[in-house]
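What follows is a short report on a single structure.
Quick note: residue numbers are just sequence positions, from 1.
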Amino acid sequence: MPLKHHGVKLNDGHFMPVLGFGTATDIKVAQNKAEEAVKWAIDAGFRHIDCAYVYCIEEEVGRAIRSKIADGTVKREDIFYTSKLWMTFLQPELVRPALEKSLKKLQLDYVDLYIIHWPTALKPGEELLPKDEHGKSMFDTVDLCATWEALEKCKDAGLTKSIGVSNFNCKQLEMILNKPGLKHKPVCNQVECHPYLNQSKLLEFCKSNDIVMVAYSALGSQQFEGWHKKNSPPLLDDPVLNALAEKYKRTPALIALCYQIQRGVVVLAKSYNEKRIKENIQALEFQMTSEDMKIIDGLNRNMRYISADFLSDHPNYPFLE
């Protein structure tokens with residue numbers, strides 16, 4: 001069954017499906033397989049597609065969505081598509097051109113959600129990760145409230161239905177929420193979240209402000225050079241998740257996805273494997289007991305897979321809180 005019926009109402013009145021298809025992966029894999037994988041996801045019932053400018057696959061993803069519209073599988077309004085504003089485009093005057101660049105690659109008239117990918121601005125230019133001659137990241141200073149105002153204008157212009165943020169901590173969210181003359185609240189904060197990093201404090205803060213938390217790396221994460229904590233334990237090998245998988249006759253991945261949905265978190269399931277994509281949609285088909293939910297809560301160890309250490313000297317680095 002398509003996910004349209006499993007949606008959460010955002011604070012601006014739009015609906016976001018609670019289970020999304022994540023597309024972030026190794027660029028070499030992605031560019032070969034993204035189009036095919038997104039078609040599989042839509043055929044399996046996914047209606048929420050999460051992508052970003054920096055993944056360098058918006059052309060392929062756009063092609064997949066348009067071909068599924070053309071063959072009658074879905075209408076444009078059935079699809080909830082997210083794109084993200086990259087760190088080199090946080091200067092207010094660069095926001096709309098960046099979104100227009102994504103729309104051009106996608107060949108879509110609008111995105112459903114546009115979010116600030118990271119609060120840490122990098123030097124504007126063509127380089128996605130600008131570095132100086134010593135190999136250090138080149139930071140930029142920007143007023144995130146001014147960046148937010150530029151996103152509000154994109155929403156008012158109809159280029160995106162909703163606007164939100166990603167990788168923001170409570171203080172950074174508060175700064176936007178308390179901005180004088182705030183016109184549109186962020187509808188969501190997309191962050192790393194899984195049983196080893198359950199983000200319960202941030203989740204509480206988001207819920208109390210009518211902001212939806214969206215979980216990425218919900219199944220653990222692959223190793224991204226420079227982004228990733230080395231030698232992190234694979235989440236899906238966890239004995240507790242495996243015992244629960246046996247109990248519910250599901251996979252450990254489904255236990256991890258169901259856990260998020262049950263606690264009111266929108267969750268992204270990332271896979272480029274057709275069998276697993278079809279499997280992941282089953283996260284909506286069962287529920288766990290509150291005792292089992294508590295057991296999973298107990299796995300929390302505040303462990304990040306994605307630490308983005310190369311940004312750690314940036315004044316807006318979000319993970320020191």
Side-chain angles (χ1 to χ4, degrees), residues 2-3 6-8 16-58 60-62 64-65 68 79-86 102 106 111-118 164-167 188-197 199 212-224 227-228 234-236 251-261 265-284 304-306 308:
L3 293 193
H6 299 274
V8 52
M16 178 195 269
V18 295
L19 182 59
F21 179 68
T23 60
T25 190
D26 181 282
I27 282 179
K28 293 188 245 348
V29 178
Q31 284 174 326
N32 296 329
K33 290 202 69 173
E35 188 175 345
E36 189 178 29
V38 171
K39 286 180 182 171
W40 288 337
I42 292 173
D43 285 338
F46 281 95
R47 296 294 177 261
H48 174 173
I49 312 290
D50 181 88
C51 196
Y53 178 80
V54 75
Y55 303 164
C56 300
I57 52 170
E58 288 199 300
E60 291 81 352
V61 173
I65 292 170
K68 286 285 134 196
I79 295 291
F80 187 99
Y81 179 83
T82 301
S83 186
K84 306 185 188 86
L85 177 72
W86 186 238
S102 279
L106 292 157
V111 297
D112 296 273
L113 176 62
Y114 198 51
I115 61 183
I116 298 175
H117 205 154
W118 289 82
V165 297
S166 178
N167 298 303
C188 70
N189 186 17
Q190 186 182 123
V191 293
E192 178 179 344
C193 185
H194 42 74
Y196 288 169
L197 179 72
Q199 299 272 25
V212 170
M213 197 156 98
V214 181
Y216 72 74
S217 295
L219 306 175
S221 181
Q222 64 211 86
Q223 306 274 346
F224 290 115
W227 290 89
H228 202 282
L235 177 74
L236 299 181
T251 61
L254 283 171
I255 298 298
L257 295 172
C258 180
Y259 168 68
Q260 300 292 4
I261 295 167
V265 173
V266 169
V267 66
L268 304 175
K270 186 176 74 183
S271 177
Y272 273 54
N273 171 307
E274 187 177 11
K275 179 175 170 279
R276 283 203 288 271
I277 289 170
K278 285 180 174 161
E279 219 162 60
N280 287 342
I281 204 94
Q282 298 168 19
L284 295 159
R304 285 181 192 281
Y305 286 99
I306 309 284

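- Interatomic distance, Glu35 CD to Lys33 NZ, rounded to the nearest 0.5 Å: 13.0 Å.
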Handout entry: Lys84 vs Asp50, side-chain contact (heavy atoms from CB on, under 4.5 Å): CA-CA, chis, key distance, verdict
Key = CA-CA 9 Å; Lys84 306 185 188 86; Asp50 181 88; 2.7 Å; yes

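- In terms of heavy atoms, Ser271 sits closest to Asn280 at CB-ND2, 4.2 Å.
- Shown here for Leu219 and Leu236, the closest heavy-atom pair between the two residues is O-CG, 3.8 Å.
- Using a 30° and 60° split on the angle between ring planes, Tyr55 and His117 fall in the perpendicular class, above 60°.
- For the residue pair Gly20 and Phe46, the shortest heavy atom distance occurs at O-CE2, 3.6 Å.
- Nearest heavy-atom pair, Ala215 versus Cys193, reported as atom, atom and distance to 0.1 Å: CB-CB, 3.6 Å.
- How far CG of Leu284 is from CG of Leu19: 5.0 Å, rounded to the nearest 0.5 Å.
- Inter-residue side-chain proximity for Val191 and Met213 is flagged as met; some heavy-atom pair is nearer than 4.5 Å.
- Ala218 and Ala256 get closest at one heavy-atom pair: O-CB, 3.8 Å.
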Practice task
Carefully, step by step, assess Glu192 and Ser217 under the rule side chain to side chain donor-acceptor pair (under 3.5 Å).
Solution key: CA-CA 6 Å; Glu192 178 179 344; Ser217 295; 5.0 Å; no

Handout entry: Lys39 and Ile65: CA distance, side-chain angles, deciding distance, side-chain contact (heavy atoms from CB on, under 4.5 Å) verdict
Key = CA-CA 7 Å; Lys39 286 180 182 171; Ile65 292 170; over 6 Å; no

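- Put simply, CZ on Phe21 and CD1 on Ile277 are 4.0 Å apart, with the number rounded to the nearest 0.5 Å.
- Shown here for Ala34 and Val61, the closest heavy-atom pair between the two residues is CB-CG2, 4.4 Å.
- A 6.0 Å sphere centred on CZ of Arg276 holds no more than 12 heavy atoms belonging to other residues, nucleotides or ligands.
- In this structure, Tyr216 OH and Tyr305 OH are separated by 13.0 Å, a value rounded to the nearest 0.5 Å.
- Not counting sequence neighbours, the partners of Phe80 by the ring pair (Phe, Tyr, Trp, His ring centres under 6.0 Å) test are His48.
- Rounded to the nearest 0.5 angstrom, Leu257 CG and Thr251 OG1 are separated by 7.5 Å.
- Side-chain atoms of Tyr272 and Asn32 form no donor-acceptor pair, as typed in the model, at a separation below 3.5 Å.
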Exercise for the section: Please test Gln190 against Leu268 for side-chain contact (heavy atoms from CB on, under 4.5 Å), starting from the C-alpha separation and ending with a verdict. Expected result: CA-CA 10 Å; Gln190 186 182 123; Leu268 304 175; 3.7 Å; yes

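- Put simply, the side chain of Val267 does not reach to within 4.5 Å of the side chain of Tyr259, judged on heavy atoms.
- Remark: Tyr81 engages no residue in a ring pair (Phe, Tyr, Trp, His ring centres under 6.0 Å) (not counting sequence neighbours).
- A salt bridge is defined here as a Lys NZ or Arg NE, NH1 or NH2 lying under 4.0 Å from an Asp or Glu carboxylate O, and Asp43 with Lys278 fails to meet this definition.
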Practice task
Under the side-chain contact (heavy atoms from CB on, under 4.5 Å) rule, what do Val266 and Cys188 come out as? Steps first, then yes or no, please.
Solution key: CA-CA 9 Å; Val266 169; Cys188 70; over 6 Å; no

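- The CD1 atom of Ile116 sits 10.5 Å away from atom CG of Asn189, with the distance rounded to the nearest 0.5 Å.
- Residues Val214 and Met16 form a side-chain contact, since some pair of their non-hydrogen atoms from C-beta on lies under 4.5 Å apart.
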